[in-house]
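Here's the structure we're looking at; comments come further down.
None of the values given here were measured: they were computed from a predicted structure. Lettering of chains follows the sequences in order, A, B, ..., and the numbering in each one begins at 1.
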Protein chains: 2
Amino acid sequence: MEPRGRVTITDVARAAGVSVATVSKVINDRYGVAASTAEHVRSVIADMSYESSLVARSLRSQRTGVIGILLAEFEPFSTELLKGLAAATAGSGYELLAWSGGGGPDGHVGWERRSLAQLSGTLIDGAVLITPTLVVPDAGIPVVAIDPHAGSESNPSVDSDNLAGAASAVEHLIALGHRRIGFLGGRPDLESARLREEGYRRTLAAAGIALDPDLVRVGGYRPETADAPAHELLTLPDPPTAIFATNDLSAIRTMQVAQSLGLRVPEDLSVVGFDNVPESALCTPQLTTVSQPLHRIGREAMEMLLTLLRGEAPAETHRRLPTELVVRASTRAL
Amino acid sequence: MEPRGRVTITDVARAAGVSVATVSKVINDRYGVAASTAEHVRSVIADMSYESSLVARSLRSQRTGVIGILLAEFEPFSTELLKGLAAATAGSGYELLAWSGGGGPDGHVGWERRSLAQLSGTLIDGAVLITPTLVVPDAGIPVVAIDPHAGSESNPSVDSDNLAGAASAVEHLIALGHRRIGFLGGRPDLESARLREEGYRRTLAAAGIALDPDLVRVGGYRPETADAPAHELLTLPDPPTAIFATNDLSAIRTMQVAQSLGLRVPEDLSVVGFDNVPESALCTPQLTTVSQPLHRIGREAMEMLLTLLRGEAPAETHRRLPTELVVRASTRAL
DNA sequence: CTGTTAGCGCCTTCAG
DNA sequence: CTGAAGGCGCTAACAG
């Protein structure tokens with residue numbers, strides 16, 4: 001009906017011949033409106049296909065009925081989590097809003113604090129932070145972190161058993177006869193990266209293998225940042241026969257770098273990843289990796305947040321879920 | 001510094017001993033503030049780690065610098081597109097916001113109109129709609145649709161060659177010797193579903209195979225809605241030897257239903273899907289499917305939207321990208 | 001039962 | 001160069 005731009009509550013009020021307040025009452029089913037008036041207003045609303053502005057409503061009211069998923073970028077790890085998070089939201093009455101903090105590629109530390117400040121108190125009632133770079137201070141709304149920056153002293157969180165997961169990856173390589181095992185680490189700001197390195201070190205030590213510092217590099221969890229260190233590892237005078245890359249994206253990139261150097265995987269180089277994102281099964285050769293239960297992590301994080309939003313105390317504020325080694329085609333006995 | 005809840009511009013102004021207006025000017029780099037004052041205000045802002053509320057800012061200003069991706073739910077198809085959309089946004093100066101319209105599971109027709117009305121004009125400067133259920137009227141902001149409801153008369157859009165894609169799937173099955181080929185259709189409100197059915201019908205006709213109406217069912221593109229029709233097809237007195245399910249999720253579910261009925265895939269039943277989402281390579285057996293270039297679709301849709309946002313006219317308002325048959329392990333010669 | 005009055009947090013004239 | 005006033009669209013008191 002109404003052509004130009006947005007239809008506002010004022011337009012509706014004028015068209016219906018009532019005040020703005022009355023329209024608002026009708027929309028929100030508040031008492032004190034004659035049935036006939038309400039009826040009439042409703043029909044005008046339908047006619048004009050009016051929908052109240054989320055922004056204006058949020059600004060005024062406390063509750064918005066929206067949960068924010070704050071992530072650095074839309075990459076496979078985050079989008080897998082999204083599926084689990086979304087599944088757990090169904091039927092809760094909350095809408096889901098995924099917000100890419102812009103910090104993105106540069107990995108600007110603090111993106112989650114900025115994003116949270118921009119959205120909390122106004123647009124969202126609660127938030128799930130995916131791989132935050134720091135412990136966020138009280139944001140005034142319930143917050144749950146997935147794969148967080150720090151340990152158990154901080155915000156409620158869900159992660160998987162990174163230590164045991166890394167150990168299983170390295171044990172697998174050792175069992176295949178590998179002794180020179182390269183390590184491509186993750187984002188130093190994340191606890192997961194620290195624990196995966198710790199798992200690597202301990203497992204080598206337990207097997208009586210001396211750690212060669214030359215074989216330990218920082219990959220940053222992203223293809224672009226993993227490229228150079230992977231290349232360095234593979235062009236060492238005495239290169240590793242296997243590499244444990246601590247997430248799938250960097251593992252896949254490592255395989256590509258190896259192939260570009262004329263190395264065959266797994267004949268000349270074994271590679272193990274971490275995460276088990278769908279992409280790990282789509283590359284050639286298919287990647288051996290440590291599986292994290294990503295959907296379940298998302299689901300449990302959302303359940304924790306919903307509990308918090310209900311004003312209840314969650315059974316546990318830190319959930320740690322098990323990992324599992326998935327052996328595919330990128331590893332092979334020496 | 002400031003403990004309780006959000007820090008507002010008023011808090012900053014008070015702490016800095018200036019007016020709200022001055023703080024606003026500093027934030028937005030507007031003329032008319034003494035260098036020393038600006039400096040001071042900036043330091044207070046940093047101290048209090050103040051961040052202006054997206055909501056309040058949006059309400060007041062025209063431009064928000066945010067692009068909305070509106071989707072019915074976070075399932076594999078949408079999240080794959082998200083990766084491409086996000087990649088194309090990098091460096092554009094826009095932030096990305098993915099909004100799940102709530103209509104979700106029930107597939108409530110019109111979710112995108114509602115979502116758009118709620119967000120446009122206030123929160124987002126432009127939008128990409130994923131599988132909208134109808135042609136959206138002028139929303140006052142640029143809108144691009146992916147896999148749209150209707151044909152070329154409507155909004156700018158990007159999709160893939162559904163007709164040719166469906167044909168390639170059915171031709172593949174015919175080449176394998178199949179004659180009784182079941183069809184599990186998609187969402188009737190989408191053009192893609194119509195075109196895929198058309199491709200199925202034409203290809204059968206071209207091969208001189210009479211169409212058995214009993215073999216044509218509506219699967220709705222979702223696992224839950226595909227379950228029953230798949231079951232019906234497989235328990236027919238004269239069941240099909242192959243099924244073309246028009247998206248991967250329903251194809252995967254079809255394989256599960258078959259297995260639950262004691263049928264082996266591909267020995268007893270061949271199955272072809274559509275989309276080539278990552279999940280299609282993760283199931284057992286791996287799914288033969290028609291690949292859509294999902295990342296590229298997302299990228300091109302975003303580029304089109306960015307062009308529109310710049311106020312320019314896009315080279316073409318309807319992009320149709322090629323599909324490709326990916327033969328894996330779920331199909332076999334009769 | 002209805003309309004008027006105040007803001008939510010912010011930005012933008014427009015006086016001082 | 002700075003602050004006071006008005007209003008974005010909406011909801012929540014309070015009067016009438």
Between the protein and nucleotides 12-16 of chain D, which nitrogen or oxygen pairs come in under 3.5 angstrom?
none

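In this entry the distance linking CD of B:Q118 with P of D:dG9 reads 16 Å, nearest Å. As rounded to whole Å, 8 Å separates atom P of C:dG9 from atom CG of B:D11. Between A:R57 atom CZ and D:dC8 atom P there is a gap of 19 Å when expressed in whole angstrom units. Following rounding to the nearest Å, A:I27 (CD1) and D:dG9 (P) show an atom-to-atom distance of 14 Å. As rounded to whole Å, 20 Å separates atom P of D:dT2 from atom CZ of B:R14. Nucleotide C:dC11 holds its P atom 14 Å from the CZ atom of B:R63, rounded to whole Å. Rounded to a whole Å, the CG atom of B:L123 is 15 Å from the C1' atom of C:dG9. Note: OH (B:Y31) to P (C:dT13) measures 15 Å, nearest angstrom.
For the side-chain contact (heavy atoms from CB on, under 4.5 Å) test, residues two or more places apart in sequence or in another chain that qualify with B:P314 are B:M304, B:T307, B:L308, B:T317.
Side-chain contact of B:E112 with B:S115: a donor-acceptor pair under 3.5 Å is absent, judged by distance alone. Side chain to side chain, B:S92 and B:T89 fail the donor-acceptor criterion of an N or O pair below 3.5 Å.
Within the model, atoms CD1 of A:I130 and CG of A:L81 stand 5.0 Å from one another, a figure rounded to the nearest 0.5 Å. Atoms CG and CZ, from A:L82 and A:F74 in turn, are 6.5 Å apart once rounded to the nearest 0.5 Å.
One finds no side-chain N or O of A:T8 lying less than 4.0 angstrom from the OP1 or OP2 phosphate oxygen of D:dG9. For the pair B:T37 and D:dC1, the criterion of a side-chain N or O lying under 4.0 Å from OP1 or OP2 is not met. One finds a side-chain N or O of A:Y50 lying less than 4.0 angstrom from the OP1 or OP2 phosphate oxygen of D:dC10. Listed pair B:S19 / D:dG3 meets the phosphate criterion, a side-chain N or O lying under 4.0 Å from OP1 or OP2.
B:V18 comes within 4.0 angstrom of sugar-phosphate atoms only, judged by non-hydrogen atoms across all strands, and of no base. Residue-level contact check: A:S58 touches neither bases nor backbone, having no heavy atom under 4.0 Å from any strand.
The nearest heavy atom of DNA chain D to B:G17 and to B:L59 marks one nucleotide each, and the one closer to the 5' end goes with B:G17.
In A:R310, the CZ atom is crowded: over 12 heavy atoms of neighbouring residues, nucleotides or ligands sit closer than 6.0 Å. By the neighbour-count criterion of 12 heavy atoms within 6.0 Å, atom CD of A:E39 is sparsely surrounded, having that number or fewer from other residues, nucleotides or ligands.
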